[in-house]
Number of protein chains: 2
Amino acid sequence: MEFDNWSKSEKGIARRAFDAAYARECKAIENEVRKRMGNLREKNDLWKIHDYLSQQRRDIDRKYDYRYGVLIHVFGVLLYQGWITIEDLSGLSEEKIEAVRRLARMWAE
Amino acid sequence: MEFDNWSKSEKGIARRAFDAAYARECKAIENEVRKRMGNLREKNDLWKIHDYLSQQRRDIDRKYDYRYGVLIHVFGVLLYQGWITIEDLSGLSEEKIEAVRRLARMWAE
């Protein structure tokens, strides 16, 4: 399931959806760090925040791969995880949107 | 310059000075993270905080070595960096305190 036929307008839509998801996810991590910083109790808690950031960074680096050959898969994960809605993809071809939906459902199963 | 002759009372003093320095340094890192969290501007800033924490953790893991064979050296660094004062060591033998002072001066040069 690869789509190499991205029109210029689709590329713009994809880029915006991708960047918005990235920004939302970073914001969520930021909020979690802020919350944990407000709850430091034991001397190890600061390093637990560091562990948390290390893990998130690894996950994000792996997930946010903007190559057109894999982008449908990336959007499938992002839709499943709630970082994008199907509306963010509005303007992509029907078959691309259907493929993203299908992948998100697969993750959900 | 090794001191293996730590009395029970000296061990108590050393432990408290060591733990206090660790707590102060962690507090300073915590404050720095809080400050940086309040100044997030670019999308990379969160990962710069992560880099900062990684660096601090490496430094701290290397520095805080509580073995009696190296403790005088550790205190020399901590005195030089300002994480302990000479008063924190009050109760250690004169020769130990003098050795810590000498090491701190060497770092300062």
Side-chain angles (χ1 to χ4, degrees), chain A residues 11-67 70-71 74-75 77-78 81-85 88-89, chain B residues 11-67 70-71 74-75 77-78 81-85 88-89:
Chain A
K11 287 181 179 179
I13 290 159
R15 186 79 247 183
R16 275 191 299 280
F18 185 94
D19 289 347
Y22 184 88
R24 284 172 199 139
E25 192 157 0
C26 285
K27 192 75 193 164
I29 296 167
E30 195 187 309
N31 288 341
E32 179 64 24
V33 169
R34 237 184 272 280
K35 197 180 101 190
R36 293 184 185 208
M37 287 297 295
N39 280 315
L40 293 177
R41 302 248 183 284
E42 316 206 345
K43 71 179 182 175
N44 221 20
D45 287 351
L46 188 61
W47 309 129
K48 285 190 196 155
I49 292 177
H50 176 251
D51 289 338
Y52 168 76
L53 273 172
S54 301
Q55 181 64 51
Q56 296 301 314
R57 190 173 192 173
R58 266 194 302 275
D59 290 352
I60 278 201
D61 284 350
R62 206 178 300 124
K63 184 160 62 176
Y64 284 86
D65 182 351
Y66 196 84
R67 288 174 297 155
V70 297
L71 205 44
V74 174
F75 284 145
V77 174
L78 293 176
Q81 294 182 335
W83 300 114
I84 57 170
T85 64
D88 291 320
L89 303 180
Chain B
K11 286 181 179 179
I13 291 159
R15 186 80 246 182
R16 276 192 297 281
F18 185 94
D19 289 346
Y22 184 88
R24 284 172 198 137
E25 192 156 1
C26 284
K27 192 73 193 166
I29 296 167
E30 195 188 308
N31 288 342
E32 178 63 24
V33 169
R34 238 183 270 281
K35 197 180 101 189
R36 292 184 186 207
M37 287 297 296
N39 280 314
L40 293 176
R41 303 249 181 282
E42 316 207 345
K43 71 178 181 174
N44 221 20
D45 287 350
L46 188 61
W47 308 130
K48 285 189 194 155
I49 292 177
H50 176 251
D51 289 338
Y52 168 76
L53 273 172
S54 302
Q55 180 64 51
Q56 296 300 315
R57 191 174 191 172
R58 266 194 303 274
D59 290 352
I60 277 202
D61 284 349
R62 208 179 298 124
K63 184 160 63 177
Y64 285 86
D65 183 351
Y66 196 84
R67 288 175 298 157
V70 298
L71 205 46
V74 174
F75 283 146
V77 173
L78 293 176
Q81 293 182 337
W83 301 113
I84 56 170
T85 65
D88 291 320
L89 303 181

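Heavy-atom basis, side chains included; hydrogens, waters and symmetry copies ignored. Reminder, nothing fancy here: chain letters follow the sequence lines and each chain counts from 1.
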Subject >> Interface residue of largest heavy-atom contact number with chain B, from A:I60, A:V33, A:D51, under 4.5 Å >> reply: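 Most pairs with chain B among the choices: A:D51.
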**OP:** Output the option from A:M37, A:H50, A:Q56, A:K43 having the highest count of non-hydrogen pairs under 4.5 Å with chain B.
**Re:** A:H50
**OP:** Please name the pair of heavy atoms, one in A:E30 and one in B:L46, separated by the smallest distance, quoted to 0.1 Å.
**Re:**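 Taking A:E30 first and B:L46 second, the nearest heavy atoms are N-CD2, 4.2 Å.
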**OP:** Write down the atom of B:I29, the atom of A:W47, and the distance for their closest heavy-atom approach.
**Re:**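 The pair with the smallest heavy-atom distance is CD1-CH2, 4.0 Å.
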